[in-house]
Protein chains: 2
Amino acid sequence: MPDLLRRAEFLLKILVERYIAEGQPLGSRTLAKQSGLDLSPATIRNAMADLEDMGLVKSPHTSAGRVPTQLGYRVFIDSLLTVQPLNAETIRQVEGEFVVGTDPQKLVETTSLLLSEVTKLASLVVVPRREEQLVFRQLDFVGLSGCRILVILVTEDGQVQNRIIDTERGYSPAELVHAANYFNDKYGGVAISEVKHILLADMQRTTEEMQRMMELALEMTRKMFVEPTDEGDDLLVSGESNLMDFPELGDIQKLRKLFDAFTAKRDLVHLLDRSMRAGGVKIFIGRESGYEALKDCSVVVAPYMVDGQVVGTLGVIGPTRMPYEHIIPFVDVTAKLLGGALSSIGR
Amino acid sequence: MPDLLRRAEFLLKILVERYIAEGQPLGSRTLAKQSGLDLSPATIRNAMADLEDMGLVKSPHTSAGRVPTQLGYRVFIDSLLTVQPLNAETIRQVEGEFVVGTDPQKLVETTSLLLSEVTKLASLVVVPRREEQLVFRQLDFVGLSGCRILVILVTEDGQVQNRIIDTERGYSPAELVHAANYFNDKYGGVAISEVKHILLADMQRTTEEMQRMMELALEMTRKMFVEPTDEGDDLLVSGESNLMDFPELGDIQKLRKLFDAFTAKRDLVHLLDRSMRAGGVKIFIGRESGYEALKDCSVVVAPYMVDGQVVGTLGVIGPTRMPYEHIIPFVDVTAKLLGGALSSIGR
DNA sequence: ATTTGGCACTCGATCACCTAGAGTGCTAAT
DNA sequence: ATTAGCACTCTAGGTGATCGAGTGCCAAAT
C-alpha cells in the first residue's frame with residue numbers, strides 16, 4: 001500500500017515543519033488539525049506509531065507529542081523538504097555586500113558576518129591556505145633592525161602574507177633589493193609549491209657568484225615556506241552568540257562545548273573540508289558530523305569556487321531545529337556570490 | 001575608636017577573600033571561625049550590621065549570609081588587598097612566550113591567548129591604530145588585473161597593511177616601480193600623519209612633469225590614508241567561553257549581553273582607552289565601567305608601552321568575584337613583557 | 001562600654017503530595 | 001481502514017510542611 005506510506009511521509013513532513021516552527025512536540029490532535037487531512041486523532045496515532053517504529057520520530061516521554069529524530073530530519077531534508085526561493089529583495093541586498101575588487105580577506109570576513117546576521121546562526125568560512133594553488137607573484141624584503149628582515153609575499157590572487165625572519169648576517173638595502181628582483185624575475189607566476197622545489201634544486205648547482213644570494217634564499221625558503229604557517233588560521237567564525245537564543249542549547253554545558261569547538265577550530269575545518277568534494281549544499285545533522293560537541297546541531301555548508309576550482313567552504317551551524325527551507329538556498333547563493341566576487345580579482 | 005574600625009576593615013577583608021574563594025554568602029558563625037579572632041558570632045553580627053550600614057556588604061535575603069557590594073570590593077581592592085607575588089615558575093614560562101623578533105601582530109595575538117589561558121577569564125588587547133605614531137617606511141605597488149593595484153604599506157615597527165584600490169587608468173609595472181621609489185625616497189621615516197599633509201601640499205605646486213605620478217599619489221592617499229581603516233579592527237578578544245564556567249553568569253541572558261559586547265567591541269575599546277593614561281593596573285568593578293552589560297563583571301587592565309610611550313592596553317574581564325590578588329600582578333607583568341617584546345622590534 | 005548568650009523571627013530550599021492536562025495505546029465498534 | 005472510547009502514564013505546576021541557616025535585638029555578663 002504505497003498510499004499509506006505516502007500518507008505517513010506527508011505526516012512526517014507536516015510534523016517536522018511544525019516542530020521546526022514551534023519547537024514543541026506535536027500531539028495527534030494538533031497534527032490532525034494541521035495536516036488538513038480529514039482524519040481523526042486516533043488514525044494519526046496509528047500512523048505516528050508506524051513512524052516511530054521506523055525510527056523517524058520519537059516522544060520525549062509518554063505524554064508528550066512526537067518530535068523528529070535525527071533520521072527523521074534526514075528523510076525530511078532528502079525527500080520532503082520544499083525549499084523556499086529567496087526573497088528577491090534579500091538577494092539584491094546581499095549582492096550589494098559583494099563589492100567587486102575588495103581584497104580577498106575582507107571579502108571573506110564580510111561573507112562570514114553576512115551569513116550569521118541573515119540566518120541568526122553561527123557562520124563558518126574556510127579559506128584553505130592551499131599552497132598548491134597559490135601562485136607566486138612578488139616578494140619584498142624590508143630590512144629591520146639588526147639581522148631581522150621583514151618578508152612580504154604577494155600571490156596572484158592579491159593575498160599578502162608577511163613574516164619577520166632572523167638572518168645569519170645583516171644585509172644592505174641594495175642587497176635586499178637585488179635579491180628581491182632576482183626572486184621576482186625568476187619565480188614570478190610559478191606555483192608556490194613549485195618554488196620550493198626549484199629553489200632547493202637550484203641550491204645544489206649554485207655558482208660561487210650566486211652564493212650570497214642563495215644564502216639568503218635558503219633562509220627565506222626555510223623560514224617562510226617550510227615552517228608551518230599556523231594551520232587553523234584559516235577558519236572564520238561569526239555570530240556564535242546567536243546560538244544562545246535557542247532554548248535547546250540552553251544548557252550551559254552544551255554551549256560551552258560548542259564554543260570550545262569554535263575556538264579549537266581544527267575539527268570544524270576538517271568537517272568543512274569533507275564537503276569540498278560535494279558539488280552543492282551539504283547538510284550534517286546531529287551526530288552525522290561525527291563530533292560530540294555538535295550532537296544537537298546541524299551544519300549546512302557549501303563549497304565556493306574560483307574559476308571553476310573549489311577553493312573553500314562556507315556555511316552555518318545551528319540547532320538541528322533550524323529553518324532549512326530558508327537556510328539552504330541562502331547558503332547556496334552566498335557560496336556562489338563569494339566565488340564570483342573572488343574570481344573577479346585574479347588576473 | 002579606630003580600633004573598632006580596624007576590626008571592621010579586617011572582617012571585610014576576610015569576608016571578601018572567603019567569598020571570592022567559595023562564592024557563597026558568609027554568615028556570622030563561619031566568619032567568626034575564619035577570622036581567627038576570638039569573638040562570638042553575635043559580636044560579628046554587630047560588626048556586619050555596621051558594614052552593611054556603610055554599604056560595604058549586603059545580604060541577598062534575610063537568612064543568607066553577607067556578600068560584598070560593589071563598594072565593598074572597591075574598598076577591598078584599594079586598601080585591603082594583599083597581592084600575591086607571581087609564582088616564579090609561571091613568570092619564566094610566560095617570558096618564554098615572548099620570543100623576541102616575532103612580528104607585532106602575532107605577538108599581540110599570543111598575548112591575548114596567554115592572558116585568557118592563564119587567568120581562565122576573557123582577555124582583551126587593544127592595538128590602537130594610532131596613525132599619529134606610525135612612521136612610514138616603505139610602500140609597494142603590485143599591479144593586479146585591470147585598473148586594480150595592491151598597495152602594501154610597511155611602517156617602522158614592522159607592521160604591514162595592504163589594500164586593493166581601483167585607479168582611474170592602468171599603470172605599467174615600470175610606472176609602479178618608479179612611483180614606489182619616488183614615494184619611498186621622499187617619505188621614508190616620516191610619520192604617517194605627516195605624509196598626508198606633505199602630499200597634499202606637494203600636490204598644489206606640482207610641476208607638469210610630475211603630473212602622472214601625483215595622479216597616482218593622489219589616489220593612494222585618498223584611498224589608503226583618508227578612507228577609514230575599519231575602526232574596531234583593533235581589539236583582540238580571547239577565552240570568552242571561559243566565562244561560561246562561572247555560576248554567577250549562568251543566566252543565559254546576561255551571558256548573551258556580554259558576548260554581544262565582545263563582538264560589538266566599540267564600547268570595550270572605549271573603556272580600555274580610558275585606562276591609557278593611568279600608569280599601571282586599573283580596575284573597573286561592576287557598574288564602574290559604565291556599561292550595563294558589564295554590571296556583574298570586573299575589568300582589570302594595564303597599558304603597555306613601547307619606548308616609554310603608551311601604545312595600547314590589555315587586560316582581562318571576568319565576574320566581579322575574581323581572584324584579584326593573582327590577576328592584578330599577572331596583568332601587570334604581561335603588559336610589561338609585551339611592551340618589552342614590541343620595543344625590541346623597532347630599529 | 002563591649003561582648004555575649006538567648007530567643008523569636010524570616011526566608012530559602014527541599015520534599016511529599018496533589019491536580020490538571022496532554023497525550024498515548026488498546027480494544028471494540030463501525 | 002477508521003474511529004470513538006477509555007484506562008493509563010507522565011509532566012508541569014501548585015500547596016503545605018519541615019528544616020536549617022542566619023539575622024536582629026534585648027538583657028545579662030564582663
Side-chain angles (χ1 to χ4, degrees), chain A residues 1-12 14-16 18-19 22-69 72 247-248 250-251, chain B residues 1-12 14-16 18-19 22-69 72 247-248 250-251:
Chain A
M1 281 82 190
D3 226 31
L4 273 186
L5 252 190
R6 230 189 338 226
R7 194 174 66 193
E9 268 190 349
F10 178 72
L11 285 175
L12 177 63
I14 304 289
L15 187 141
V16 177
R18 297 316 304 164
Y19 180 68
E22 321 274 354
Q24 269 160 4
L26 277 253
S28 52
R29 191 194 225 51
T30 9
L31 189 51
K33 263 182 235 151
Q34 296 284 351
S35 71
L37 300 179
D38 199 15
L39 292 175
S40 81
T43 317
I44 304 289
R45 276 205 285 281
N46 290 330
M48 297 233 279
D50 293 347
L51 286 176
E52 182 145 12
D53 288 343
M54 292 187 252
L56 299 174
V57 301
K58 64 164 191 270
S59 44
H61 56 83
T62 343
S63 92
R66 305 296 216 289
V67 300
T69 61
E248 46 262 75
D251 180 1
Chain B
M1 284 77 192
D3 226 32
L4 273 185
L5 254 189
R6 231 191 335 230
R7 193 175 65 193
E9 269 190 348
F10 178 72
L11 284 175
L12 177 63
I14 303 289
L15 187 141
V16 178
R18 297 315 304 164
Y19 180 66
E22 322 274 354
Q24 269 160 2
L26 276 255
S28 53
R29 191 195 230 42
T30 8
L31 188 51
K33 262 181 237 151
Q34 297 285 349
S35 72
L37 300 179
D38 200 14
L39 291 175
S40 80
T43 316
I44 303 290
R45 276 204 285 282
N46 290 329
M48 296 232 279
D50 292 348
L51 286 176
E52 182 145 13
D53 289 344
M54 291 187 253
L56 300 173
V57 300
K58 65 163 189 269
S59 44
H61 55 85
T62 343
S63 92
R66 307 296 218 286
V67 299
T69 61
E248 47 262 75
D251 180 2

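We name chains A, B, ... by the order of the sequence lines, and we start the count at 1 in each one.
- In this structure, of D:dG24, C:dT4, D:dC10, it is C:dT4 that holds the atom nearest to the side chain of B:Ala42.
- Rounded to whole angstrom, the span from the CD atom of A:Gln24 across to the C1' atom of D:dA12 amounts to 12 Å.
- Contact annotation: A:Arg66 side-chain N/O to C:dT24 OP1/OP2 distance is under 4.0 Å.
- Of the residues in residues 45-61 of chain A, A:Arg45, A:Met48 come within less than 4.0 Å of DNA chain C through at least one heavy atom, sorted by number.
- Shown here for A:Gly72 and A:Leu12, the closest heavy-atom pair between the two residues is O-CD2, 4.2 Å.
- In this structure, the side chains of A:Thr30 and A:Glu22 stay at 4.5 Å or more apart for every pair of heavy atoms.
- Rounded to whole Å, atom P of D:dG22 lies 12 Å from atom CD of B:Gln34.
- Residue B:Met48 holds its CE atom at 11.0 Å from CG of B:Asp50, rounded to the nearest 0.5 Å.
- At most 12 heavy atoms of other shown residues, nucleotides or ligands fall within 6.0 angstrom of atom CG in A:Asp38.
- Contact check, A:Ser40 against D:dT3: a side-chain N or O comes under 4.0 Å of OP1 or OP2.
- Within the 4.0 Å cut-off from OP1 or OP2 of C:dT3, at least one side-chain nitrogen or oxygen of B:Arg7 is found.
- Look at B:Ser28 and you'll find a side-chain N or O under 4.0 angstrom from OP1 or OP2 of D:dT23.
- Distances shorter than 4.0 Å separate none of the side-chain N or O atoms of B:Thr43 from OP1 or OP2 on C:dT3.
- The distance from atom CD1 of A:Ile44 to atom P of C:dA22 is 18 Å, rounded to the nearest whole Å.
- Between B:Arg29 atom CZ and D:dG24 atom P there is a gap of 16 Å when expressed in whole angstrom units.
- A:Arg66 places none of its side-chain heavy atoms less than 4.5 Å from the side chain of A:Leu26.
- Ranked by how close their nearest DNA chain C nucleotide is to the 5' end, B:Thr62 and A:Thr30 are led by B:Thr62.
- Looking at B:Ser28 and B:Leu31, their side chains never come closer than 4.5 Å, going by heavy atoms from C-beta outward.
- A search for salt bridge (charged side-chain N to carboxylate O under 4.0 Å, His left out) contacts involving B:Arg45 returns nothing, not counting sequence neighbours.
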